[in-house]
Amino acid sequence: MSVKEIFETMDYGPAREAAGEATAWIAQHEGRFGVFIGGAFTAPGTVFETRNPASGDVLAEVTQAGPEDIEAAIKAARKAQPGWEKLGGKARARVLYALARLVQKHARLFSVLETLDCGKPIREARDLDIPLVARHFYYHAGMAQLMEAELPGREALGVCAQVIPWNFPLLMLAWKVAPALAMGNTVVLKPAEYTPLTALLFAEICQQAGVPAGVVNILTGDGAVGAALVAHDGVDKVAFTGSTEVGRKIRTATAGQGKALTLELGGKSPFIVFEDADIDSAIEGLVDAIWLNGGQVCCAGARLLVQEGVAETFIARLKTRMTHLRQGDPLDKCIDIGAIVDPVQLDRIRGLVDASAGEIHQPCAAPEGCFYPPTLITGLSPADPLMQEEIFGPVLVATTFRTPPEVVAMANDTRFGLAASLWSENINTALDIAPKLEAGVIWINGSNMFDAAAGFGGLRESGFGREGGWEGLSAYTRPTTRTKSLKSHEVYSGKPGAPEGLDRTAKLYVGGKQARPDSGYTQTIHGKTGAVLGQIARASRKDIRNAVEAARGAAAWSATTGHLRAQILYYIAENLEARAPEFAARIDALHGGKKGADEVSDAVSRLFTYAAWADKYAGDLRAVPIRGMALATRAPVGVIGILCPDEAPLLGLISSLAPAIAMGNRVVLVASQQGPLSATDFYQILDTSDVPPGVVNILTGDHAELAPTLASHADIDAVWSFSSSDLSAVIEAESAGNLKRTWVNNGQARDWSGNDGEGRAFLDAATEVKTIWVPYGA
Ligand code: NAI
């Protein structure tokens with residue numbers, strides 16, 4: 001028999017990975033697990049079953065954590081935290097290193113257990129999940145080692161509540177636990193109810209690695225456990241990965257509690273194929289993008305956008321490729337697509353596809369059980385629910401485009417912004433389009449590339465915060481300087497009435513012009529002595545809408561160069577300095593005394609600071625283990641709504657405005673409530689400094705009244721509040737609508753004239769890290 005004949009007549013024979021070690025580990029625990037608190041497992045309590053989705057067999061019973069477990073875990077984490085932090089970064093690095101080594105040592109056990117519990121192909125668990133888990137611990141061992149030298153002035157947040165999903169159970173654990181521990185925090189982690197087992201094995205590994213008792217606590221249970229955990233007042237930080245719906249609930253539940261929060265949510269990521277793409281590579285890339293883990297991936301390339309000229313060929317080749325996808329027993333090393341995690345999810349996918357009016361292409365039937373076949377749907381309109389909603393299954397929707405601008409619009413026509421993949425052999429096209437895509441991660445000629453050195457996370461309703469890289473650390477640290485509580489800066493009162501002389505009510509500043517307020521209401525502003533200083537317009541909801549529209553219209557500002565923005569900031573500084581005495585007099589009239597001149601001089605200096613930064617905060621290059629590079633670019637957030645501080649009416653305005661516009665954002669500012677006239681005087685400076693209309697919009701009025709509108713506005717991307725009143729509860733709750741970023745004072749004062757009033761914290765809040773992966777090879 002010739003080799004050719006052998007190949008042609010050969011039957012497919014499964015190559016099954018042995019599950020003995022994993023089942024023995026479960027048996028060793030008699031198939032029942034308690035929760036892991038203070039370095040030890042509790043006796044199993046009320047239990048629920050966790051099943052192998054591929055067979056439906058019960059794997060083990062795990063404990064539904066009760067309120068007393070949550071209390072105990074948080075208490076243990078709290079008790080352990082100071083000691084863990086005091087141990088120092090270098091000693092913590094050793095522990096993280098030991099964790100990395102042990103994950104590698106037990107890689108096979110972890111992979112098989114993961115595959116058994118969540119149904120993903122063993123090939124993926126073995127080659128992607130578990131190696132990346134080890135990589136995260138190695139990388140963050142390094143971060144712990146370097147913390148004292150490289151992050152001076154930062155310290156741990158305290159106790160972190162971490163809630164993770166079922167699609168990458170151990171990997172999501174690693175993404176959350178490694179940076180938290182590296183920075184000196186302790187954690188209480190809740191794995192998803194479908195996939196608790198590898199987290200429990202990890203608990204054992206912690207015992208072996210010498211993780212002190214209480215540093216890592218694992219609570220198994222359902223969403224109710226997660227909800228109780230994140231809302232607990234013993235928690236300093238909440239990190240969540242999962243659905244946008246639950247992310248929104250967590251944002252609302254934690255509003256005003258002063259907790260740090262990062263949310264890693266859903267997506268509907270575009271996969272863009274240009275005519276000049278390497279089609280075969282793009283097809284393979286697409287197979288990985290949508291069929292990795294059966295499409296149960298938050299950043300799955302679920303929306304194929306293919307250029308018209310190649311669409312027919314591409315779809316035809318894709319259909320052929322689909323017939324070769326092998327679906328079945330996830331433990332079989334030759335399987336491409338495994339099981340769907342749970343029958344509930346299977347029903348959800350079925351329901352969505354069955355209701356579709358599109359053309360459904362399913363070239364091969366799925367095996368019996370909890371499986372869904374690879375599916376391609378064409379003929380859908382852009383507004384179709386399947387083009388917009390996350391399906392979270394092996395279902396690809398496809399459509400065509402004609403031109404680059406059209407595909408940018410189509411790709412961004414979504415409420416999400418997690419990832420995007422684009423394919424072109426033309427470097428001009430690729431590098432031109434990539435930054436225009438509204439996504440936290442962009443892969444050029446690739447998909448699903450992840451690494452601990454490169455941040456991962458979304459824009460828009462895909463959540464906020466990054467995991468991985470330097471930027472991931474800021475989510476687990478805070479400045480060491482303790483801020484004082486904010487004093488309330490009441491508006492000065494006096495006799496009602498207009499100022500003497502000409503009655504000039506200061507208007508609002510919208511779209512580069514002075515605008516009358518919609519309400520027509522005005523308010524008298526008094527100085528400390530009760531003297532009438534002037535009158536301002538009281539902005540309302542409608543004025544905010546107009547200002548946001550103007551800011552949206554000034555999008556070109558975000559595309560200008562840092563150099564140009566610096567020039568304009570210098571120009572503003574110069575013009576302010578030229579009128580320093582007038583601005584100083586305004587401040588002195590407000591507060592009495594003679595400190596106005598210092599405040600103006602600080603404001604001028606602050607403008608110089610951000611002019612300096614404007615062309616120096618573009619991002620950096622990340623050392624990722626591929627032939628290629630990952631560019632961690634800093635993009636503007638978009639439109640930022642800002643409630644300015646009262647502590648310094650002019651310096652506060654400048655300190656908020658300057659970093660935002662230096663980084664390319666447009667702003668809607670609500671002036672200091674106590675001293676709004678410094679802001680209204682500032683309109684003339686803006687008018688004479690070449691600031692394009694709509695980049696800076698200034699409103700005056702009541703902070704508490706305007707904050708909910710700013711926070712709930714769908715076209716505002718971030719809200720910063722430095723207001724004298726602590727408006728964090730209302731702002732954070734209202735922000736849940738479009739999941740905008742918030743930066744609120746939580747009742748903490750800032751020293752505006754000191755270092756606390758400027759620097760990287762502002763630049764970070766003014767930018768989003770967008771990681772662009774550029775693999776190459778001639
Ligand atoms: P989910 O978002 O409900 O669950 C994720 C985690 O959050 C689990 O550990 C769960 O127990 C916990 N949780 C649920 N409700 C909570 C609450 N109120 N407070 C705190 N924690 C809570 O995701 P689910 O129900 O498992 O899947 C539903 C859909 O969500 C999927 O079909 C998919 O569309 C999406 N999803 C997205 C993920 C992503 O990575 N973007 C991951 C998992 C699901």
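All ligand and atom numbering here is 1-based and tracks the order in the structure.
Among protein heavy atoms, atom 39 (C) of ligand 1 sits closest to Cys298 CB, 3.3 Å. The protein non-hydrogen atom at the shortest distance from atom 42 (C) of ligand 1 is Pro165 CB, 3.3 Å. Considering only non-hydrogen protein atoms, atom 13 (N) of ligand 1 sits nearest to Gly223 CA, 3.6 Å. Of the protein's heavy atoms, Val163 CG1, 3.6 Å lies nearest to atom 12 (C) of ligand 1. For atom 1 (P) of ligand 1, the nearest non-hydrogen atom of the protein is Ser243 OG, 3.6 Å. Trp166 NE1, 2.5 Å is the protein heavy atom nearest to atom 26 (O) of ligand 1. Scanning the protein for heavy atoms near atom 33 (C) of ligand 1, the closest one is Phe392 CG, 3.3 Å.
Within a 4.0 Å radius of atom 4 (O) of ligand 1, the protein has no heavy atom.
Between the CD1 atom in Ile444 and the CD1 atom in Ile442 there is a gap of 8.0 Å [rounded to 0.5 Å].
Side-chain contact, Thr771 with Trp773: no donor N or O sits under 3.5 Å from an acceptor N or O. With no hydrogens or angles considered, a side-chain donor-acceptor pair links Thr375 and Gln362 at under 3.5 Å.
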Determine all donor-acceptor pairs shorter than 3.5 Å in which one atom belongs to a side chain in residues 114-121; sequence neighbours excluded.
unit_1 : atom_1 : unit_2 : atom_2 : d
Glu114 : OE1    : Thr198 : OG1    : 2.8
Glu114 : OE2    : Leu170 : N      : 2.8
Thr115 : OG1    : Ser111 : O      : 3.3
Thr115 : OG1    : Lys120 : O      : 3.1
Asp117 : OD1    : Thr50  : OG1    : 2.7
Asp117 : OD2    : Leu197 : N      : 3.1
Lys120 : NZ     : Asp129 : OD1    : 3.3
Lys120 : NZ     : Asp129 : OD2    : 2.7
Lys120 : NZ     : Asn167 : O      : 2.9

Derivation of the salt bridge (Lys or Arg N to Asp or Glu O under 4.0 Å) call for Asp451 and Arg135
CA-CA 8 Å; Asp451 187 58; Arg135 166 91 181 119; 2.6 Å; yes
Pair Gln64, Asp222 - check side chain to side chain donor-acceptor pair (under 3.5 Å), show working.
CA-CA 7 Å; Gln64 163 75 11; Asp222 60 10; 3.0 Å; yes
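Each of Asp717, Leu265, Thr414 was evaluated against Arg460; a single residue qualifies, Thr414, per the side-chain contact (heavy atoms from CB on, under 4.5 Å) test.
Distances below 4.0 Å separate heavy atoms of Ala192 from the following atoms of ligand 1: 9 (O). Each of the atoms 8 (C), 9 (O), 10 (C), 11 (O) of ligand 1 lies under 4.0 Å from some heavy atom of Glu193. Under a 4.0 Å criterion applied to the non-hydrogen atoms of Leu265, ligand 1 contributes the atoms 41 (N). For ligand 1, the atoms lying closer than 4.0 Å to a non-hydrogen atom of Ala227 are 17 (C), 18 (N), 19 (N), 20 (C), 21 (N). The atoms of ligand 1 that sit less than 4.0 Å from any heavy atom of Gly266 are 41 (N). Residue contact check: Thr241 has heavy atoms under 4.0 Å from atoms 40 (O) of ligand 1. Within the listing of ligand 1, atoms 19 (N), 20 (C), 21 (N) sit less than 4.0 angstrom from a heavy atom of Gly226.
Two rings, from Trp25 and Phe33, have their centers less than 6.0 Å apart. Between Phe202 and Phe137, the ring center distance clears the sub-6.0 Å criterion.
Comparing heavy-atom distances from atom 6 (C) of ligand 1 across Val246, Ile164, Leu189 singles out Ile164 as nearest. Atom 27 (O) of ligand 1 has its nearest heavy-atom neighbour, among Glu390, Gln345, Arg248, Arg348, in Gln345.
With a heavy-atom cut-off of 4.0 Å, Asp222 touches ligand 1 through its backbone alone.
Using 4.0 Å as the threshold, Phe240 has a heavy atom nearer than that to some atom of ligand 1.
Ring geometry for Phe110 versus His106: interplanar angle over 60°, hence perpendicular rather than tilted (30 to 60°).
By the 3.5 Å distance cut-off applied to N or O atoms, Lys190 is counted among the residues near ligand 1. Considering backbone and side-chain atoms alike, Gly242 places an N or O below 3.5 Å from some N or O of ligand 1.
In summary, Glu471 and Arg622 engage in a salt bridge, as defined by a charged side-chain N under 4.0 Å from a carboxylate O.
When the ring-ring contact (aromatic ring centres under 6.0 Å, His included) test is applied to Phe456, the partners found at least two apart in sequence or on another chain are Trp175, Phe450.
Side-chain contact between Val47 and Val62: absent, with no pair of heavy atoms (C-beta onward) separated by less than 4.5 Å.
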